[in-house]
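These notes are about the structure you will find just below.
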Amino acid sequence: MNKRIGILGGTFDPPHIGHAILAEEARINLGLDLIWWIPNRIPPHKKKMSQTTNTDRWEMVRRLCQGHPNFELNTIELEREGPSYTVDTIKKLKHNHPETSLFFILGGDSIDTLAEWKNIEEISEMVTFVGMKRPGYQAKTELDIMIHLLDSPKINVSSTLIREKIKTRTLNSFLLPKEVASYIKERHLYE
């Protein structure tokens, strides 16, 4: 039987409970075997907003996945030079795992900007897009591609919010998995 694997990409600077809940909701609702967490090396559409290194982001995602048997860190983009274009990542994954069905998980905000992605039509032929509805976003695209929309708990958390809360010493400790929080504390990140 072919494996069904979800892909959750991002900067994960830091990874937080919103990411984990979104990934787990997709896994449960779609009957996925595994979620690959893929940290970007250089996100093509996002400016870096902190001083963390790729190693820091890799380690925080590794620690988050360590506590969940259906989550796995995939370093394919961190190992590749240059911008982390999704089309390059998906081509490589399909080459390495030709019998695997891939489900690309998106937040509602990302659906609105899919038209800006490099070779989006080509990507849509290799994956099933899964859009998680998010308050404040339409979760629509002008593209003629199929997006499987899922409801998920409304958790209004972002990495930007987490960084600001750490800097102002107002972080609610329940917003971060404890494994990630301990790494941030050890390394004095975002202070």
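Note that this is a predicted model, so its numbers are computed, not measured. Residue numbers run from 1 in the order of the sequence given.
A heavy-atom distance below 4.5 Å is found between the side chains of L30 and L150. Residues V130 and L106 are not in side-chain contact: their nearest non-hydrogen atoms beyond the backbone lie 4.5 Å or more apart. Taking the side chain as every heavy atom from C-beta outward, N74 and I7 never approach each other to under 4.5 Å. Between M126 and K91, the closest side-chain pair of non-hydrogen atoms falls below 4.5 Å. When side chains are defined from C-beta on, T100 does not count as touching N2, because their heavy atoms never get closer than 4.5 Å. Using a 4.5 Å cut-off on side-chain heavy atoms (C-beta onward), I76 and L93 make contact. The shortest distance between side-chain heavy atoms of S159 and F12 does not fall below 4.5 Å. Within the 4.5 Å cutoff, the side chain of F129 has no heavy atoms near those of the M146 side chain.
Going from atom CD of E121 over to atom CG of L114 covers 10.0 Å, rounded to the nearest 0.5 Å. In this structure, the separation between CG on N54 and CD on E79 is 11.5 Å, given to the nearest 0.5 Å. Distance check: I90 CD1 to K92 NZ gives 13.5 Å after rounding to the nearest 0.5 Å. Here the OG1 atom belonging to T52 is positioned 9.0 Å from the OH atom belonging to Y183, to the nearest 0.5 angstrom. Note that the CD atom of E24 and the CG atom of L32 stand 10.0 Å from one another [nearest 0.5 Å]. The distance from the CD1 atom of I5 to the CD1 atom of I105 is 11.0 Å, given to the nearest 0.5 Å.
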**Request:** Evaluate side-chain hydrogen bond (donor to acceptor under 3.5 Å, both in side chains) for N119 paired with Y85, printing each intermediate quantity in order.
**Result:** CA-CA 9 Å; N119 298 2; Y85 290 111; over 6 Å; no

**Request:** Evaluate the criterion side-chain contact (heavy atoms from CB on, under 4.5 Å) for residue pair E72 and C65; output intermediate values, then yes/no.
**Result:** CA-CA 6 Å; E72 187 175 290; C65 292; 5.7 Å; no

**Request:** Go through D33 and N70 one step at a time and tell me if the side-chain contact (heavy atoms from CB on, under 4.5 Å) criterion holds.
**Result:** CA-CA 7 Å; D33 299 299; N70 300 105; over 6 Å; no

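Using modelled atom types, one side-chain atom of H19 and one backbone atom of H16 make a donor-acceptor pair closer than 3.5 Å. Side-chain atoms of R57 never come within 3.5 Å of backbone atoms of P39 as a donor-acceptor pair (strictly under, hydrogens ignored). With K94 contributing its side chain and V127 its backbone, the two residues share no donor-acceptor pair below 3.5 Å. Using modelled atom types, no side-chain atom of R41 and backbone atom of P83 make a donor-acceptor pair closer than 3.5 Å. Side-chain atoms of R163 come within 3.5 Å of backbone N or O of D13 as a donor-acceptor pair. For the pair T75 (side chain) and L78 (backbone), a donor-acceptor distance under 3.5 Å is absent. Listed for the T113 side chain is no donor-acceptor partner under 3.5 Å among the backbone atoms of E116. Although no hydrogens or angles enter the test, the distance criterion places no donor-acceptor pair under 3.5 Å between the side chain of R27 and the main chain of F71.
When the side chains of ILVMFWY residues are joined at heavy-atom separations under 4.5 Å, either directly or via intervening members, Y190 and L161 end up in two distinct hydrophobic clusters. In this structure, I38 is a member of the same hydrophobic cluster as W117, with clusters built from ILVMFWY side-chain heavy atoms closer than 4.5 Å. Under a hydrophobic clustering in which Ile, Leu, Val, Met, Phe, Trp and Tyr are joined whenever their side-chain heavy atoms come within less than 4.5 Å, directly or via other members, L149 and I145 fall into the same cluster.
Looking at R187 and E59, no side-chain N of the basic residue comes within less than 4.0 Å of a carboxylate O on the acidic one, giving no salt bridge. Ion pairing between a basic and an acidic side chain is recognised when a charged N comes within 4.0 Å of a carboxylate O; K167 and E164 show no such pairing. In summary, E25 and K154 do not engage in a salt bridge, as defined by a charged side-chain N under 4.0 Å from a carboxylate O.
The shortest heavy-atom contact between P14 and M60 is CB-SD, 3.7 Å. For W37 against A23, the heavy-atom pair with the smallest separation is CZ2-CB, 4.0 Å. Across E77 and S84, no two heavy atoms sit closer than the pair OE1-CB, 3.2 Å.
For CD of Q51, the number of neighbouring non-hydrogen atoms (other residues, nucleotides, ligands) closer than 6.0 Å is 12 at most.
With sequence neighbours excluded, the residues that form a ring-ring contact (aromatic ring centres under 6.0 Å, His included) with W36 are H97.
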Side chains of residues 170-180: which donor-acceptor partners sit under 3.5 Å, not counting sequence neighbours?
unit_1	atom_1	unit_2	atom_2	d
T170	OG1	T168	OG1	2.8
N172	OD1	F174	N	2.9

